[in-house]
Amino acid sequence: MSWPPAELPALLSLGVAAAALVAAVAVLLRTRNPALALGVGLDLLLAAGLLRLSAEQTWRQLATAAAVVALRHLIGRGLRIGGAAWRGPRPPGTTSGDARAAGA
């Protein structure tokens with residue numbers, strides 16, 4: 001048996017993917033911020049994909065990692081735009097911090 005085993009990157013990738021789910025749920029429960037929780041989860045899923053890519057350098061694995069990166073950016077941008085629209089317009093002459101402090 002050689003060290004490290006050939007299955008090690010796949011096993012590590014599975015562990016990181018499980019950690020991604022746990023971490024995303026923990027961040028969501030702690031901060032109540034879905035955008036942040038999703039970002040944490042997708043970043044760790046990207047790490048899992050890159051670990052798997054290091055073991056099996058196939059086009060399918062590369063496409064999966066690229067898809068996670070693209071989704072991370074698209075979902076993050078959508079949540080930022082949607083969050084800004086959901087908060088509504090700010091009163092004239094205030095910054096986002098001022099509006100929250102004023103209760104708006």
- Do L36 and L44 share a hydrophobic cluster (ILVMFWY, side-chain heavy atoms under 4.5 Å, transitive)? yes

- When clusters are formed by joining ILVMFWY residues with side-chain heavy atoms under 4.5 Å apart, either directly or through shared neighbours, do V27 and L42 land in the same one? no

- Qualifying residues under side-chain hydrogen bond (donor to acceptor under 3.5 Å, both in side chains), relative to N33, sequence neighbours excluded: none

- Query: Do L74 and L46 share a hydrophobic cluster (ILVMFWY, side-chain heavy atoms under 4.5 Å, transitive)?
  - Reply: no

- Message: Within this structure, what is the CZ-CG distance for the pair R60 and L53, rounded to the nearest 0.5 Å?
- Response: 13.0 Å

- Query: Got a second to check how far L45's CG is from T64's OG1, nearest 0.5 Å?
  - Reply: 11.5 Å

- Query: Less than 4.5 Å apart, any side-chain heavy atom of R72 and any of D43?
  - Reply: yes

Which donor-acceptor pairs under 3.5 Å do the side chains of residues 12-25 make with protein atoms, sequence neighbours left out?
{"from": "S13", "atom 1": "OG", "to": "A48", "atom 2": "O", "distance (Å)": "3.2"}
{"from": "S13", "atom 1": "OG", "to": "R52", "atom 2": "NE", "distance (Å)": "3.4"}

